[in-house]
Amino acid sequence: MSSEAAELASAPVLWDATNIKIVLVNTSHPGNIGAAARAMKNMGLQQLVLVKPEEFPSGVAVGRAASAVDLLDRAQVVDSLEAAIADCGLVIGASARRRSIPWPMLDPQSCGEKSVAAARDNKVALVFGREDSGLNNEELQLCHFHVQIPANPDYSSLNLAAAVMVVCYELRKAGLRLADQAEEDSTEFWDQQYATGEQVEHFYAHLERMLVAIDFHDPENPRQLMQRLRRLFGRIRIDEMEMNILRGILTNVEHAIGNEKQQ
Ligand code: SAH
């Protein structure tokens with residue numbers, strides 16, 4: 001794994017994955033349930049809900065789940081989609097086809113963003129249909145939005161577990177973006193006031209005096225020294241406390257060389 005990939009995989013996730021459930025409706029092949037559980041765990045999701053699965057529990061599902069068997073053990077089995085989404089504030093149904101009644105549509109990326117944002121304070125359900133016929137109209141109408149993976153129009157129907165993977169991957173990416181954003185915001189906080197323009201100008205004047213005094217800087221032959229030092233200090237946005245420390249150092253240097261010259 002590249003160091004960048006390792007960093008991305010270990011970055012803190014600031015969304016509440018326990019608030020997001022993946023709901024599989026009437027799945028006929030238990031292998032798909034296992035593969036969906038694996039995809040979920042790979043992407044950091046944990047809550048699997050099965051509406052009337054044809055065969056569950058199942059050894060085939062366990063085999064396909066690999067190290068995600070814990071998700072199968074904790075999976076909730078319910079009798080209806082209504083029961084699965086009863087506690088959810090946002091419900092998004094995955095559908096390969098546009099249906100007769102137009103419904104608010106999302107692409108996978110905006111589905112990820114919407115879900116992760118809502119999952120801070122709400123339970124969210126992402127609903128997937130049967131392998132042969134998908135979700136029926138009544139089920140789709142229980143959803144606030146539909147998400148469609150923009151697949152090849154000549155063959156747009158993904159394997160159920162592959163569709164779960166695409167949607168869960170977008171959830172993870174949205175969660176990581178949120179964590180990055182929070183980290184960026186937190187570096188904006190600083191416990192001290194930044195030094196003002198006036199304080200900084202006094203500092204540069206003081207610095208220049210000291211550099212002349214120690215024969216490091218010749219104003220007759222400046223060689224862009226002060227510009228380079230300005231660029232150096234400008235890169236770090238010095239705060240007032242740091243500025244006072246630097247001014248104190250300059251003053252002490254001046255005293256020290258004054259004392260030395262007197263000796
Ligand atoms: N033959 C079915 C598709 C079944 S695939 C149909 O035409 O509706 C099983 C489930 O995977 C679908 O119900 C849907 O939830 C999901 N799925 C498959 N392909 C998808 C796509 N392109 N976009 C969104 N969801 C998809």
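From a predicted model like this one, the values you see are computed outputs, not experimental measurements. Only this structure's heavy atoms are used, side chains among them; waters, hydrogens and symmetry mates stay out. Both counts, for ligands and for their atoms, begin at 1 and track the order of listing.
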Sidechain N-carboxylate O distance under 4.0 Å for R130, E54: no

L158 N/O to ligand 1 N/O under 3.5 Å: yes

Nearest-neighbour protein heavy atom for atom 3 (C) of ligand 1, which is reported as residue plus atom name and distance: S157 OG, 3.3 Å

Atom 6 (C) of ligand 1 - nearest protein heavy atom and its distance: R97 NE, 3.5 Å

I149 N/O under 3.5 Å from ligand 1 N/O: yes

NZ/NE/NH1/NH2 to OD/OE distance under 4.0 Å, D87 and K21: yes

Minimum-distance protein heavy atom relative to atom 2 (C) of ligand 1: G134 N, 3.7 Å

D132 to ligand 1, any heavy atom closer than 4.0 Å: yes

Within-cut-off N or O pair, A151 and ligand 1, under 3.5 Å: no

Geometric N/O contact N159 with ligand 1, under 3.5 angstrom: no

Enumerated ligand 1 atoms positioned under 4.0 Å from heavy atoms of Q148: 23 (N), 24 (C)

Protein heavy atom at shortest distance from atom 20 (C) of ligand 1: A96 CB, 3.6 Å

Atoms in ligand 1 with a heavy atom of E131 nearer than 4.0 Å: 1 (N), 4 (C)

Spacing of L176 atom CG and Q181 atom CD [to the nearest 0.5 Å]: 13.0 Å

Under 3.5 Å: donor-acceptor pair, side chain of T251, backbone of R247: yes

Closest approach of any protein heavy atom to atom 24 (C) of ligand 1, naming residue and atom: S95 O, 3.3 Å

E131 (side chain) donor-acceptor with N159 (main chain) under 3.5 angstrom: no

Salt bridge D70-K41, side-chain N to carboxylate O under 4.0 Å: yes

Note, W103 side chain near Q141 side chain (heavy atom, < 4.5 Å): yes

Residues that A83 engages under side-chain contact (heavy atoms from CB on, under 4.5 Å), provided they are two or more places apart: V78, S80

Numbering as shown, the atoms of ligand 1 that approach F128 to under 4.0 Å (heavy-atom distance): 15 (O)

Criterion side-chain contact (heavy atoms from CB on, under 4.5 Å) against F128, the qualifying member of N32, L160, V147: L160

Under 3.5 Å: donor-acceptor pair, side chain of E139, backbone of N136: yes

Close N or O approach (V147, ligand 1; < 3.5 Å): no

Which residue and heavy atom of the protein sit nearest atom 15 (O) of ligand 1, plus the separation: A94 O, 2.6 Å

Shortest protein contact, atom 9 (C) of ligand 1 (heavy atom only): R130 O, 3.5 Å

Atom 12 (C) of ligand 1: the protein heavy-atom neighbour that sits closest, reported with distance to 0.1 Å: G129 N, 3.9 Å

Ring geometry between F203 and F233 (parallel below 30°, tilted from 30 to 60°, perpendicular above 60°): perpendicular

For atom 22 (N) of ligand 1, the option (of A162, S133, S156, A163) bearing the nearest heavy atom: S156

